[in-house]
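Quick notes on the structure that follows.
Reckoned from all heavy atoms, side chains included, excluding hydrogens, waters and symmetry mates. A, B, ... follow the sequence lines: proteins, then strands. Residue 1 opens every chain. Not measured: the values here are computed from a predicted model.
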Amino acid sequence: METLITRFPPSPTGFLHIGGARTALFNWLYARKTGGRFILRFEDTDAERSTQQYVDAIVDALQWLGIDWDEGPFYQSRRLDVYEKYIQHLIDTGSAYYCTCSKEKIEAMRQQAAQSGGKPKYDGTCREKNLPPTPGAVVRFKSPLMGNTVVEDKIRGNIVFPNAELDDFIIRRSDGMPIYNLAVVVDDISMGVNTIIRGDDHISNTPKQILLYRALGAEVPDFGHVPMVLGPDKARLSKRHGAMSVTAYRDMGYYPEALLNYLVRLGWSHGDQEFFTREELIEKFDIEHIGRSAGVFNPEKLLALNAEHIRSTPVEKLAPHLIGFLGGHGIAAEDNAFLHGVIKTLQPRSKTFVEMAEAAVFYYSAPENYEEKGVKKFFKPEVAAPIRDLIAELKNTETFDEKHLEPAFVKVMEAHDLKFGKIAQPVRLALSGKTVSPGIFEMIEILGRDETIARLEKAAVFIRDQAEKQA
RNA sequence: GUCCCCAUCGUCUAGCCCGGUCCAGGACACCGGCCUUUCACGCCGGCGACAGGGGUUCAAAUCCCCUUGGGGACGCCA
């Protein structure tokens with residue numbers, strides 16, 4: 001079987017957003033799944049709006065997502081001579097022609113068409129004039145006047161376009177730069193791309209491109225148009241929908257695999273399965289189960305999926321991601337057993353790395369003050385004695401794991417006739433400074449004997465001072 | 001305006017191609033409950049949809065047509 005070659009061709013006129021990432025993902029998965037190749041190509045023929053800054057940002061986002069490419073990145077702006085060759089061929093074979101109609105004239109044509117209810121089209125003034133190249137002339141494709149062009153879409157089936165709907169579209173600007181439809185086709189032909197998965201906003205470009213393939217004597221690739229991603233108001237995604245760039249999700253503490261998982265499920269399914277690892281995605285992805293209807297981006301579901309990924313991903317894989325966010329709290333954490341232990345206790349209670357980092361701070365630095373409502377509720381004078389006893393017990397506990405810790409607590413509880421909660425809450429506050437934290441035993445185990453005792457003693461002093469102040 | 005695409009719970013979706021097992025299944029969110037050392041996790045239960053109308057058929061979410069609704073394209077942007 002022929003090697004499958006897919007590509008992702010962003011235009012560097014903006015950041016990589018959710019929709020673009022999904023398109024890239026589909027192409028990437030399909031290539032990885034079939035052992036094919038995946039190409040990255042920047043379509044920067046619009047010199048006005050393309051910038052290096054966006055190129056870098058897109059590369060950065062793709063790398064973070066773990067979407068890697070086998071070839072490229074290519075830049076259309078550096079392949080002008082290639083397009084020129086193909087354009088010349090089209091002219092030579094009578095499939096394209098020079099046109100000297102002014103922009104104003106074209107605009108007037110459109111206006112008129114709009115008024116009389118027709119489709120805005122170029123009227124073909126220069127079509128049969130056989131004009132020679134002149135400065136400022138554009139090159140137009142000579143589109144068939146009759147017949148149909150059929151797009152055999154892998155996702156939607158056959159889509160028929162009457163050729164009369166198409167006009168003689170420009171393939172080369174007056175400044176010599178090629179136009180999108182020409183450039184993609186030439187690139188895809190010369191790069192051997194045989195499978196194109198893209199947004200369905202490109203459907204109406206497809207017949208034009210098919211015509212170009214034929215005029216160039218090239219084989220038409222497989223097309224598959226995926227539905228668009230909509231905002232909560234069901235409108236096409238745009239800046240006004242808020243955080244839509246991939247890097248925004250990185251900054252908000254999302255795990256790349258979770259984003260991938262969410263994105264792929266927005267438009268593709270594998271029965272009832274919701275959770276996928278990257279490997280599972282590659283193994284199970286198929287083009288047959290890509291849906292046909294547009295999907296609304298749902299940040300809440302993405303958040304929930306992120307939490308699920310955080311919960312079920314091995315701590316070693318999570319650690320490098322968390323370290324950056326810990327840095328934001330002034331903590332220079334090392335990727336060691338301590339960090340891994342910390343993550344373990346935070347996994348079931350963190351939806352993002354931002355949350356996890358925040359919750360992890362107390363492990364690295366003893367609380368400087370205690371949550372106020374906790375102090376009122378749990379640091380009462382009567383807990384001073386049990387805490388003193390607990391400190392003494394902990395000093396004698398041989399191993400610091402739950403199995404040995406619990407008897408120590410039970411002993412203190414019995415001596416003072418307390419329920420577990422009565423001692424656990426003050427201890428929680430003493431260790432973490434907060435009323436909400438991971439389990440008591442797991443915290444103690446990670447903090448270790450010295451640190452635990454130090455924090456308990458500090459709390460005991462605090463409680464005593466507190467009592468004196470009141471007296 | 002013209003052309004094209006789409007249509008199952010609020011949202012993402014399974015089912016639709018190969019009608020009956022679907023008084024429609026899962027997930028997120030929401031509401032109860034259980035578990036419990038806090039918060040979570042987890043578990044159990046609830047709420048909630050085949051856009052409408054015509055056909056075809058013994059039988060339609062599944063096939064056909066129309067309507068309605070939503071989206072996209074119509075650039076010397078990609």
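- Atom CZ of A/Phe378 is separated from atom C1' of B/C39 by 12 Å (rounded to the nearest Å).
- When the salt bridge (charged side-chain N to carboxylate O under 4.0 Å, His left out) test is applied to A/Glu165, the partners found at least two apart in sequence or on another chain are A/Lys119.
- Between the CZ atom of A/Phe362 and the P atom of B/C39 there is a distance of 16 Å, given to the nearest Å.
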Atom pairs under 3.5 Å: protein N/O with N/O of nucleotides 74-78 of chain B:
{"unit_1": "B/C74", "atom_1": "O2'", "unit_2": "A/Pro120", "atom_2": "O", "d": "3.4"}
{"unit_1": "B/G75", "atom_1": "OP2", "unit_2": "A/Arg110", "atom_2": "NH1", "d": "2.8"}
{"unit_1": "B/C76", "atom_1": "O2", "unit_2": "A/Ser174", "atom_2": "N", "d": "2.9"}
{"unit_1": "B/C76", "atom_1": "O2", "unit_2": "A/Ser174", "atom_2": "OG", "d": "2.8"}
{"unit_1": "B/C76", "atom_1": "N3", "unit_2": "A/Ser174", "atom_2": "OG", "d": "3.0"}
{"unit_1": "B/C77", "atom_1": "OP2", "unit_2": "A/Arg173", "atom_2": "NE", "d": "2.1"}
{"unit_1": "B/C77", "atom_1": "OP2", "unit_2": "A/Arg173", "atom_2": "NH2", "d": "2.4"}
{"unit_1": "B/C77", "atom_1": "O3'", "unit_2": "A/Arg173", "atom_2": "NH2", "d": "3.1"}
{"unit_1": "B/C77", "atom_1": "O2'", "unit_2": "A/Asp46", "atom_2": "OD2", "d": "2.7"}
{"unit_1": "B/C77", "atom_1": "O2'", "unit_2": "A/Arg49", "atom_2": "NH2", "d": "2.9"}
{"unit_1": "B/C77", "atom_1": "O2", "unit_2": "A/Arg49", "atom_2": "NH2", "d": "3.3"}
{"unit_1": "B/A78", "atom_1": "OP1", "unit_2": "A/Thr45", "atom_2": "OG1", "d": "2.5"}
{"unit_1": "B/A78", "atom_1": "OP1", "unit_2": "A/Arg173", "atom_2": "NH2", "d": "3.0"}
{"unit_1": "B/A78", "atom_1": "OP2", "unit_2": "A/Tyr180", "atom_2": "N", "d": "2.9"}
{"unit_1": "B/A78", "atom_1": "O3'", "unit_2": "A/Glu43", "atom_2": "O", "d": "3.4"}
{"unit_1": "B/A78", "atom_1": "O3'", "unit_2": "A/Glu43", "atom_2": "OE1", "d": "3.1"}
{"unit_1": "B/A78", "atom_1": "N6", "unit_2": "A/Asn205", "atom_2": "OD1", "d": "3.3"}
{"unit_1": "B/A78", "atom_1": "N6", "unit_2": "A/Asn205", "atom_2": "ND2", "d": "2.9"}
{"unit_1": "B/A78", "atom_1": "N1", "unit_2": "A/Asn205", "atom_2": "ND2", "d": "3.2"}

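- A straight line from CZ of A/Arg198 to P of B/A73 spans 13 Å, rounded to a whole angstrom.
- Residues forming a side chain to side chain donor-acceptor pair (under 3.5 Å) with A/Thr149 (at least two apart in sequence, or on another chain): A/Asn163.
- For A/Phe409, the ring pair (Phe, Tyr, Trp, His ring centres under 6.0 Å) test picks out A/Phe420, A/Phe441, with sequence neighbours left out.
- With P as the reference atom, B/A51 and B/U37 are 49 Å apart, rounded to whole Å.
- Note: CD1 (A/Ile159) to C1' (B/G72) measures 11 Å, nearest angstrom.
- Between A/Ser437 and B/C39, a side-chain N or O to OP1/OP2 separation shorter than 4.0 Å is absent.
- By the neighbour-count criterion of 12 heavy atoms within 6.0 Å, atom CD of A/Glu372 is sparsely surrounded, having that number or fewer from other residues, nucleotides or ligands.
- Cation-pi geometry between A/Arg140 and A/Tyr122 is met: the NZ or CZ atom falls under 6.0 Å from the ring centre, inside 45° of the normal.
- With sequence neighbours excluded, no residue satisfies side chain to side chain donor-acceptor pair (under 3.5 Å) with A/Asn298.
- A/Val184 comes within 4.0 angstrom of nothing in the nucleic acid, heavy atoms only.
- Counting non-hydrogen atoms under 4.0 angstrom, A/Gly374 reaches nothing in the nucleic acid.
- Applying the side chain to side chain donor-acceptor pair (under 3.5 Å) rule to A/His416 yields the partners A/Asp389; only residues at least two apart in sequence or on another chain are considered.
- By the ring pair (Phe, Tyr, Trp, His ring centres under 6.0 Å) test, A/Tyr262 pairs with A/Phe297, sequence neighbours left out.
- Atom C1' of B/G48 sits at a distance of 15 Å from the matching atom of B/C23, rounded to the whole Å.
- Atom P of B/C43 sits at a distance of 14 Å from the matching atom of B/G26, rounded to the whole Å.
- Every residue meeting the ring pair (Phe, Tyr, Trp, His ring centres under 6.0 Å) condition with A/Phe285, not counting sequence neighbours, appears here in chain and number order: A/Phe26, A/Trp268.
- Spacing between atom CG of A/Asp200 and atom P of B/G70 amounts to 17 Å, rounded to whole angstrom units.
- A/His404 meets the side chain to side chain donor-acceptor pair (under 3.5 Å) test with no other residue; sequence neighbours excluded.
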Using a 4.0 Å heavy-atom cut-off, write out nucleotides 26-33 of chain B from 5' to 3' as B (base contacted by protein), S (sugar-phosphate only) or - (no contact). BBSS----
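- A search for ring pair (Phe, Tyr, Trp, His ring centres under 6.0 Å) contacts involving A/Phe462 returns A/Tyr370, A/Phe379, not counting sequence neighbours.
- In this structure, CE of A/Met228 is placed 16 Å from P of B/C5, rounded to the nearest angstrom.
- Counting distance only, with no hydrogens placed and no angle test, the side-chain atoms of A/Arg349 and the base atoms of B/C41 include no donor-acceptor pair under 3.5 Å.
- To the nearest whole angstrom, the two C1' atoms, one in B/U67 and one in B/A29, are 33 Å apart.
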With 3.5 Å as the limit, what N/O pairs link the protein to nucleotides 35-37 of chain B?
{"unit_1": "B/U37", "atom_1": "O2'", "unit_2": "A/Arg428", "atom_2": "NH2", "d": "3.2"}
{"unit_1": "B/U37", "atom_1": "O2", "unit_2": "A/Arg428", "atom_2": "NH2", "d": "2.6"}

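- In this structure, A/Glu288 atom CD and B/C18 atom P are separated by 16 Å, rounded to whole Å.
- One finds no salt bridge joining A/Lys351 and A/Glu355 here, because no Lys/Arg side-chain nitrogen approaches an Asp/Glu carboxylate oxygen to under 4.0 Å.
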